[in-house]
Number of protein chains: 2
Amino acid sequence: MVTTNFNSRFIDNPLNCPVTRTMSIIGGKWKPIILNCIGERAIRFGKLNQIIPAISNKVLANELKELENFGLVKRTEFLELPPRVEYELTTSGKSLMPILHELANWGNKNVAKKIIKELS
Amino acid sequence: MVTTNFNSRFIDNPLNCPVTRTMSIIGGKWKPIILNCIGERAIRFGKLNQIIPAISNKVLANELKELENFGLVKRTEFLELPPRVEYELTTSGKSLMPILHELANWGNKNVAKKIIKELS
DNA sequence: ATTAGTGGTTACCATTAGGTTACTTGTATT
DNA sequence: AATACAAGTAACCTAATGGTAACCACTAAT
């Protein structure tokens, strides 16, 4: 059983909040996008970089490493030349996707227009 | 209808992703905690600051202002002395809470132990 | 000999989020 | 006369996040 203060009356440290903890993993600027781009298939590093051209390879490599560390993504290296590496979602990563889609729907209904307005 | 590239094949700007947009609102270090502490009741600024002692009043005021801006929180000012201000969740804010709880549960099952381990 | 393809790494820089401390306003209390 | 209360503001500082550009290893093709 893991500590949770999300329903407690006294928060002395944000990391006692399970939502904040979860955010610390998926809250990066590119993480939800990367997870969604991987989707149901295995995909190569270079292909991801094509689909998300605005992300630099440094940042992409970092994000993938973190996602791998937390067990959301599985990295498979093939010993070929030129090198080939494939990324795919783990069971844990896949189980997150429905929640991300709920967030997306909620955002589209509730705040999307305001954000877009604020940026123009 | 709002633009969404969350399911598209080409991401040129993270703000075209509705999940990223939603994160930009609730992804702050303290926002989910604040929303949860407000809960179903109206609560005063000072009371929030007591419940979350680790947040400074400057940051708390900022976060509340943003949440108000995006329509998740309603601020009511009473013209009394000393001043009294009450915050409560709007319908939109309340509708987000079930999703945050799903995130919390997902995190507890999937990543909490790893995060806690990494910090010790 | 040079270039291309792949999956990165390294060094460096800019922006932002968040934190600290002190201060304000107006009345009431000691 | 000084202090407390409530709800913030203002000025300043630091650490983390993310961005840029160059480079690497290895082989095959031109």
Side-chain angles (χ1 to χ4, degrees), chain A residues 11-15 17 20-21 23-34 37-38 42-70 73-88 115 118-119, chain B residues 11-15 17 20-21 23-34 37-38 42-70 73-88 115 118-119:
Chain A
I11 305 283
D12 56 339
N13 182 343
L15 282 168
C17 168
T20 305
R21 280 198 301 255
M23 293 290 188
S24 75
I25 289 162
I26 58 160
K29 186 169 170 184
W30 298 102
K31 297 233 180 72
I33 294 171
I34 293 171
C37 287
I38 297 177
I43 188 171
R44 297 179 65 169
F45 184 91
K47 183 72 180 167
L48 270 176
N49 221 164
Q50 273 175 36
I51 297 176
I52 319 172
I55 194 176
S56 68
N57 51 357
K58 178 202 121 182
V59 173
L60 180 55
N62 270 353
E63 302 287 64
L64 285 169
K65 211 178 287 178
E66 282 186 42
L67 291 171
E68 196 198 349
N69 252 292
F70 285 105
V73 162
K74 185 178 154 218
R75 179 179 183 277
T76 310
E77 197 172 343
F78 297 85
L79 300 178
E80 304 175 359
L81 274 167
R84 178 159 67 106
V85 177
E86 282 186 353
Y87 294 90
E88 57 193 317
I115 297 182
E118 204 156 90
L119 297 176
Chain B
I11 304 284
D12 56 339
N13 181 343
L15 283 168
C17 168
T20 306
R21 281 198 301 257
M23 292 291 188
S24 74
I25 288 162
I26 59 160
K29 184 170 170 184
W30 298 100
K31 295 235 182 68
I33 294 172
I34 293 170
C37 287
I38 297 178
I43 188 171
R44 299 179 63 171
F45 184 91
K47 183 71 181 169
L48 271 175
N49 220 161
Q50 274 175 37
I51 296 174
I52 319 171
I55 193 176
S56 70
N57 50 357
K58 179 201 121 183
V59 173
L60 179 55
N62 272 352
E63 302 287 64
L64 285 169
K65 211 178 287 175
E66 283 187 40
L67 291 171
E68 197 199 349
N69 252 291
F70 284 105
V73 160
K74 184 176 155 224
R75 179 181 182 277
T76 310
E77 196 173 343
F78 297 84
L79 299 178
E80 304 174 0
L81 273 166
R84 178 158 68 104
V85 178
E86 283 187 355
Y87 293 90
E88 57 193 315
I115 296 182
E118 202 156 271
L119 297 175

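Every value quoted in this text rests on a predicted model; they were computed, and no experiment measured them. Just so it is clear: chains get the letters A, B, ... in the order the sequence lines come, proteins before strands, and each one is counted from 1.
Spacing between atom CD of B/E66 and atom C1' of C/dG18 amounts to 12 Å, rounded to whole angstrom units. In this structure, CD of B/E63 is placed 12 Å from C1' of C/dG19, rounded to the nearest angstrom. Protein atom CD1 of B/I25 is 16 Å distant from nucleotide atom C1' of C/dA17, rounded to whole Å.
Here chain A contacts DNA chain D (any atom closer than 4.0 Å to a heavy atom, that is under 4.0 Å), and the contacts span D/dG18 to D/dT27 from 5' to 3'.
A salt bridge is absent between A/E86 and A/K74; no separation between the charged side-chain nitrogens and carboxylate oxygens falls under 4.0 Å. Between A/K29 and A/E63 there is no salt bridge, since no side-chain N of the basic residue sits under 4.0 Å from a carboxylate O of the acidic one.
Distances shorter than 4.0 Å separate none of the side-chain N or O atoms of A/K29 from OP1 or OP2 on C/dT15.
Inter-axis angle, ends of the helix from C/dA1-D/dT30 to C/dT30-D/dA1, five pairs per end, rounded to 10 degrees: 40°.
Nearest-nucleotide assignment on DNA chain D puts the 5′-proximal partner with B/G46, out of B/G46 and A/A54. Where A/F45 and A/P14 each meet DNA chain C at their nearest nucleotide, the meeting point lying more 5' is that of A/F45. Positionally, the nearest nucleotide of DNA chain C for A/P82 lies more toward the 5' end than for the other of A/P82 and B/G28.
The backbone N or O of B/I55 lies less than 3.5 Å from a partner atom in the side chain of B/N49, making a donor-acceptor pair.
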